[in-house]
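First listed ligand is number 1; within each ligand, the first listed atom is number 1. As a basis for the values below, the full set of heavy atoms in this structure was taken, side chains included, without hydrogen atoms, waters or symmetry mates.
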Amino acid sequence: MTTQQKVNLLGLSRPQMEEFFLEMGEKKFRAQQILKWIHHHQADSFEQMTDVGKALRQKLSEVAEIRGPEVAHESISRDGTRKWVFELIGGGSVETVFIPDGRRGTLCVSSQVGCAVDCSFCSTGKQGFQRDMTSAEIIGQVWQASRAFGPRRNLGEHPITNVVMMGMGEPMLNYDNVLTAMRIMKDDLGYGIGKKRITLSTSGHIPRMDQLSQDLDVSLAVSLHAPNDELRNELVPLNRKYPLKELMAACKRYSDNITHRHNTITMEYVMLRDVNDKPEHARQLVKLLNGIPVKVNLIPFNPFPHAGYERSRKSDILEFHKYLNDNGLMTTVRTTRGDDIDAACGQLVGQVQDRTRRSERWKQSIFHRSEQTDNNTAQAQ
Ligand code: SAH
Ligand code: SF4
């Protein structure tokens, strides 16, 4: 059997793993053993599995494999943020970011190579859509990041306490594989991450939001970015299919359906200078979100070459923040992390574009040396 035909056990949830062993004529409990070996002990070969008999290990190595994405590049920011560029098994590359914050460590995971939604302010969108990632490639980012921190002694010590599906891609457009990966994240035999600590972020795919509320208990973030349809159609093209009135109704349904007490939906709002950051936008937003249990997360826009947008002025962000808070909307401003390694929200583009970016910088440094210095100074302020 060739490698390509082997089943990659990394991407199987507990029920799928049980089915795999039953089909092999083996006992169901093997699934638990193997899951632990893969996700707790970070094993990448059957040889390491000392409590599995030699005959079964041999049989497994003939039909199955444990294969994660390869680390092509790793960078560590001044603020401790780590970014990996992963070369995928099925071709292409994606980026994954780890953001430490006190006792919390959040891993920002990608779900697609590129993205078809094409939001006007997002560099992943500008890259276009290449393909969906497999469940092994999605959970493989958690597995590899976890391996980068060294062997796990017990779950409590694990540096990855939270996962956000906020890397490259629209997770709702790769629903089945994202769901499988999130099941493994939640499973005690996987990563044992609680439902409040796993967040799926969507640009607003209504049917899948309804589906998710039936399938798995996790937290939801919605990329809102505009308080009216005219502006949102421009910024988030998916709005033309699923406009705001319907989206708000879907958010209400989602929070009503969620069984746990923590049913608040996070509304993400990127702050684009003179585009969506005026007092009138804040007023419209308060009206729009009335009656839905939300918290608002303002994200200062992270620039990338040829973006065509600028980050809002600090004073405008503060004013916007204050207006929302004063009018009953719990609001926070996201601090930009890892921007010295291009790891901030919306800057993730994979290796191909990274190269473009490097050549862009190189060109700038040759032709616009003084201009670049000015830009750097402006960004550091
Ligand atoms: N596709 C999903 C999840 C990935 S994007 C979604 O859109 O929700 C994660 C968050 O970063 C989204 O809210 C997205 O709109 C935001 N984002 C994208 N580009 C950005 C940029 N250049 N600056 C700041 N935030 C950005
Ligand atoms: Fe895709 Fe999200 Fe970027 Fe929009 S913001 S293009 S949905 S990754």
(Q) Using ring centroids (six-membered ring only for Trp), state whether His73 and Phe86 fall under 6.0 Å. (A) no
**Q.** Protein heavy-atom partner closest to atom 3 (Fe) of ligand 2 - residue, atom, separation in Å
**A.** Cys122 SG, 2.4 Å
Q. Salt bridge or not for Arg131 and Glu137, using N-O below 4.0 Å?
A. yes
Q.
Distance under 4.0 Å to a non-hydrogen atom of Ser203: what atoms of ligand 2 satisfy this?
A. 7 (S)
(Q) Against the six-membered ring of Phe149, is Arg82 placed for a cation-pi contact (under 6.0 Å from the centre, within 45° of the normal)? (A) yes
Q. Atom 1 (Fe) of ligand 2: which protein heavy atom is closest, and how many Å away?
A. Cys115 SG, 2.3 Å
Q.
If hydrophobic clusters are built by linking Ile, Leu, Val, Met, Phe, Trp and Tyr wherever their side-chain heavy atoms come under 4.5 Å apart, do Phe129 and Met165 end up in the same one?
A. no
Q: May I ask which of Gly125, Ser201, Gly169, Pro171 has a heavy atom nearer to atom 2 (Fe) of ligand 2 than the others do?
A: Gly169
(Q) If the contact criterion is a heavy-atom separation under 4.0 Å, does Ser203 count as touching ligand 1? (A) yes
Q.
Just to confirm my output: which protein heavy-atom neighbour is closest to atom 4 (Fe) of ligand 2, and how far is it?
A. Cys119 SG, 2.3 Å
Q: For ligand 2, note which part of Asp118 has a heavy atom under 4.0 Å away: side chain, backbone, both or neither.
A: backbone
Q | Side-chain ion pair, Glu310 and Arg273, N-O less than 4.0 Å | A | yes
Q. Does Ala221 have a heavy atom less than 4.0 Å from any atom of ligand 1?
A. no
Q: May I ask you to say whether Arg67 pairs ionically with Asp44, meaning some side-chain N is under 4.0 Å from a carboxylate O?
A: no
Q | Sub-4.0 Å heavy-atom approach of His225 to ligand 1 | A | yes
Q) Are Ser123 and ligand 1 in contact, using a heavy-atom cut-off of under 4.0 Å? A) no
**Q.** Aromatic ring proximity, centroids under 6.0 angstrom, Tyr269 and Phe320
**A.** yes
Q. Taking N or O atoms only and a 3.5 Å limit, does Gly167 qualify as a polar contact for ligand 1?
A. no
